[in-house]
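As structure tokens, the structure follows; a few thoughts come after it.
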Amino acid sequence: MAGLLEPDAALAQVFAAVPPARSVSLPPGDCLGLVLAADATACTDLPPFDRAMMDGYAIRLADAGAAVELLGEIAAGDGADRVPLQVGQAYPIMTGAPVPPGAEAVVPHEQTRRQGQQICLPERIRPGANIVPRAGECRAGHAWARAGAVVTPMTLAAALGVGAAHLEVHPRPRVAVIATGSELAADPSAAGQIRDTNGPMLGAMFQEAGASVQRQVIGDDAEALLAGLQSISDADVVVLTGGVSAGTHDEVPGVLRRLGAEVLFHKVAQRPGKPLLVARLGRHLLFGLPGNPLAAHLCACRYVLPALRRLARLPHIPVSGRGVLRTTLPANSEHTWFLPALIEGGSVLPLLPFSSADLVQPHQANAYLRLDPGAVEAPAGTEITYTRIGVDAWAR
Ligand code: AMP
Ligand code: MG
């Protein structure tokens, strides 16, 4: 059909419509996978005291090559309130323990020799050897992480190390998923009824991408859908599935009109997922995905997940690769065709045949192939590009 929006133009429109990122202050343990919204500054010195880096002896440099008398041991966790170390003495000290006042280096056990009650030190000792001085890694007030960095488990550790009680981050996107359809019954054994498979699938995809998700199921009833949409107050993104085409009971476009939504586009030159609708509804970015499960999946992968990443200010890392077709890929006709495929090692198995209602065959897919309009048949053995299915696979 001429005049339909092309898939790449549709994705560009989605990106342009992503709402501004919010920022919140959260305890470091709640920030994993989130992006820093501001530089993080250290609250305390790291390390908080001069720290021994070896099991050995805290010594004075003047005693290099001499035998010294041993004082009481200092273990990790002990306080540093010791009698200052004098020439001719050494404290046995453990890794992680605070270095006592007066000590100028820590000499490891294996570089010393026992001589009665004393130990003999090596001839050459580097000043400061095996001691990390207080604040040697990071001083209180220093900006130790920059805005835009993703909080990893190591970032969490660093935040705790420098005493951060909170980090300023872009929070998890909040997504409201509404599965629409009067066939989605609580009792799927009743005639004509089916299980809602899209709602849980989409919820799982968005959760996997780090979003917090709330779900509803609503029949093909304009008033109920209107009320359902009006009840959403705290979502950044609303994702509807079903009811977005031109059937008598496809209530989504009409309800969005009544709510005054700004429809950015409706229908994309792609299969599956041609009926896709994207709109702005108040502060929300709204996706109307088709009800057919494979179409809903493709649209969520290709349009919703990249929008969620953009909203969370996560970097875009396309996960594509090239492999060799195991079977023939048919020619494509007028619309861009996204075809599920199983990638194993370097081989690509297109999961054919399928309709956009399929669930069971495509569940094995770990990638989509993209066939442009007019692409000719490709025999087995042809090299082809694929895009992985995953939280950031389509973001580019
Ligand atoms: P629709 O987009 O509403 O025309 O629905 C297209 C097809 O997808 C129909 O066969 C619906 O029964 C089916 N469908 C719609 N919503 C869901 C859902 N949440 N779970 C499973 N199938 C659905
Ligand atoms: Mg329907």
Side-chain angles (χ1 to χ4, degrees), residues 1 4-5 7 10 175-208 211 213-229 231-232 235 237-259 261 263 265-279 281 286-305 335 337-338 340 351 353-365 389:
M1 190 193 297
L4 278 191
L5 191 62
V175 186
V177 174
I178 305 182
T180 74
S182 298
E183 70 278 36
L184 309 176
D187 174 13
S189 61
Q193 301 290 303
I194 60 168
R195 292 184 175 84
D196 167 24
T197 55
N198 291 352
M201 172 182 75
L202 295 169
M205 290 172 81
F206 306 149
Q207 264 162 5
E208 196 180 51
V213 176
Q214 46 174 311
R215 294 202 287 113
Q216 302 181 50
V217 181
I218 299 179
D220 292 312
D221 171 344
E223 299 313 316
L225 189 53
L226 197 75
L229 284 169
S231 75
I232 297 168
V237 173
V238 177
V239 180
L240 299 162
T241 165
V244 79
S245 303
T248 321
H249 299 287
D250 288 337
E251 304 288 358
V252 170
V255 166
L256 291 181
R257 257 195 312 278
R258 281 173 63 189
L259 285 168
V263 175
F265 61 84
H266 187 187
K267 294 193 175 29
V268 175
Q270 64 182 11
R271 69 170 157 140
K274 189 172 113 188
L276 174 67
L277 180 154
V278 176
L281 177 63
L286 181 142
F287 293 86
L289 311 187
N292 275 314
L294 187 56
H297 185 267
L298 182 272
C299 289
C301 280
R302 211 189 122 75
Y303 302 100
V304 185
L305 291 180
H335 295 327
W337 185 10
F338 294 103
L351 296 171
F354 78 102
S355 87
S356 58
D358 282 11
L359 262 184
V360 173
Q361 155 114 317
H363 100 271
Q364 316 162 66
I389 291 171

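Heavy-atom basis, side chains included; hydrogens, waters and symmetry copies ignored. Read the numbers this way: they start at 1 and go in the same order the structure lists the ligands and their atoms.
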Review point. Can you name the residues that form a side-chain hydrogen bond (donor to acceptor under 3.5 Å, both in side chains) with Gln214, not counting sequence neighbours?
Key: Asp234

Practice item. Quickly, which of Asn198, Leu240, Val177, Leu202 forms a side-chain contact (heavy atoms from CB on, under 4.5 Å) with Leu289? Name it, please. Key: Leu202

Review point. Which atoms form the tightest heavy-atom contact between Val175 and Ala211, and what is the distance?
Key: CG2-CB, 3.7 Å

Point to revise | Residues that Asp220 engages under salt bridge (Lys or Arg N to Asp or Glu O under 4.0 Å), provided they are two or more places apart | key: none

Practice item. Determine the minimum heavy-atom distance between His335 and Gln270, stating which atoms define it. Key: CB-N, 3.8 Å

Review point. With sequence neighbours excluded, what pairs up with Ala10 under the side-chain contact (heavy atoms from CB on, under 4.5 Å) test?
Key: Leu5, Phe265, Val268, Tyr303

Name each N or O atom in ligand 1 that is under 3.5 Å from a protein N or O, and give the partner atom and the distance.
unit_1   : atom_1 : unit_2 : atom_2 : d
ligand 1 : 2 (O)  : Gly291 : N      : 2.8
ligand 1 : 3 (O)  : Gly243 : N      : 2.8
ligand 1 : 8 (O)  : Gly291 : O      : 3.2
ligand 1 : 8 (O)  : Asn292 : N      : 3.2
ligand 1 : 12 (O) : Glu183 : OE2    : 2.5
ligand 1 : 14 (N) : Gly291 : O      : 3.3
ligand 1 : 19 (N) : Asp196 : OD1    : 2.8
ligand 1 : 20 (N) : Thr197 : N      : 3.0
ligand 1 : 20 (N) : Thr197 : OG1    : 3.3
ligand 1 : 20 (N) : Asn198 : N      : 3.2

